[in-house]
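What follows is a set of notes on a single structure, which appears directly below.
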Amino acid sequence: MRALAGLRVVVSAGPTFEDIDPVRFIGNRSSGKMGFAIAAAAARRGADVQLVSGPVALATPDGVSRIDVRSAAQMHAAVFAALPADVYIGAAAVADFRPRAPATAKIKKRPGEDSMVLHLVRNADILADVAASDVRPRLVVGFAAETDEVTQHARAKLSTKGADLIAANRVGIAGRGFEADDNVLVLHWRDGSRTLPPGAKTALADALLDLVQERLEA
Ligand code: C5P
């Protein structure tokens, strides 16, 4: 099955870490398993796959070219450096905010200090920027990890982010979503929704790519 031969697919995966000081960071709970499974499945189908990964403990899938990044800003730059592409799949859990001014030395607690204020600034939205760029891939796919009102949030993201597909999953359920091997994904296209059979992230990655392929061929 080499159905994606000749196509370039860029996948972002894992969390981003936003440094507070040299020993602390703000990060998202993401193992990178979903994005890595997608990159592996796309490579098996013959695509030229560029994986941009945040800090994760996963081996690079066979046939995949990988760039490691740490922060959202680095991920943004690496994704844009990997374009143009036919498909962009943003499966990373990107931090929405970063410390405005990371400290260059470890921040020490002072006696009597009961609270501290950390000033955060908004990170650029990689998915929205890719979708709005003049090298927009033919298909732009995002993920939505939500704890509630999953469908409403996912459908809203189709338009706010300019994506063609949002793959939504509910997080906060034991054994599913973050860090787990299994997941439940509901795919939201502009013209309808489809629930994939729940299962291993590797199987979901293949099911997702079947539908991506269908759209590319349409
Ligand atoms: O807005 P939210 O983070 O829920 O949207 C999730 C989707 O947007 C994911 O596909 C994620 O990779 C992408 N995203 C991004 N850049 C950000 C925030 C989210 O690409 N700064």
Side-chain angles (χ1 to χ4, degrees), residues 9-19 25-39 42 49-56 58 66-83 85 87-100 120-133 135-137 139-172 177-179 183-190 193 196 201 204-205 208-209 211-212:
V9 176
V10 176
V11 181
S12 59
T16 67
F17 286 175
E18 312 298 326
D19 288 338
F25 61 86
I26 295 170
N28 274 303
R29 285 180 59 183
S30 167
S31 63
K33 285 176 187 168
M34 192 69 234
F36 274 58
I38 292 168
V49 182
Q50 178 65 61
L51 175 62
V52 178
S53 177
V56 297
L58 295 174
R66 169 175 175 180
I67 297 174
D68 286 320
V69 298
R70 181 172 172 82
S71 66
Q74 289 169 356
M75 185 172 279
H76 193 284
V79 165
F80 271 83
L83 297 179
V87 180
Y88 173 65
I89 301 179
V94 184
D96 290 324
F97 293 92
R98 67 179 182 279
R100 180 174 59 176
L120 304 179
V121 292
R122 188 81 175 254
N123 278 327
D125 193 305
I126 305 165
L127 182 63
D129 286 355
V130 168
S133 80
V135 284
R136 188 191 196 281
L139 265 186
V140 175
V141 179
F143 275 74
E146 304 287 349
T147 53
D148 50 85
E149 295 183 26
V150 185
T151 302
Q152 292 90 320
H153 287 303
R155 295 215 67 86
K157 263 169 221 181
L158 273 177
S159 46
T160 55
K161 296 186 181 252
D164 302 298
L165 165 64
I166 294 287
N169 60 311
R170 185 182 286 276
V171 292
F178 288 137
E179 292 153 3
N183 209 355
V184 177
L185 280 186
V186 183
L187 305 188
H188 296 278
W189 303 87
R190 287 173 190 278
S193 303
L196 298 180
K201 287 178 178 174
L204 286 165
L208 174 73
L209 284 182
L211 295 172
V212 161

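Ligands are counted one by one from 1 in listed order, and the atoms in each one are counted from 1 as well. Model, not experiment: these values are computed from the prediction.
By the 4.5 Å heavy-atom criterion applied to side chains, D68 and S53 are counted as neighbours. Side-chain contact between I89 and F143 is present, with at least one heavy-atom pair separated by less than 4.5 Å. Using a 4.5 Å heavy-atom cutoff, the side chains of V130 and V10 are not in contact.
Of the protein's heavy atoms, K161 NZ, 3.0 Å lies nearest to atom 1 (O) of ligand 1. Nearest to atom 20 (O) of ligand 1 among the protein's heavy atoms is L127 N, 2.8 Å. The single protein non-hydrogen atom nearest to atom 9 (C) of ligand 1 is F143 O, 3.1 Å, given as residue, atom name and distance. Here the protein heavy atom with the shortest distance to atom 12 (O) of ligand 1 is A92 O, 2.7 Å. Ranking protein heavy atoms by distance to atom 2 (P) of ligand 1, first place goes to K157 NZ, 3.5 Å. When hydrogens are left out, the protein atom nearest atom 3 (O) of ligand 1 is D96 OD1, 4.0 Å; that is the closest non-hydrogen contact.
Neither the backbone nor the side chain of A128 has any atom closer than 4.0 Å to an atom of ligand 1 (non-hydrogen atoms only). Contact annotation: for I166 versus ligand 1, there are no heavy atoms closer than 4.0 Å.
Applying the ring pair (Phe, Tyr, Trp, His ring centres under 6.0 Å) criterion to H153, with sequence neighbours excluded, gives no partner residue.
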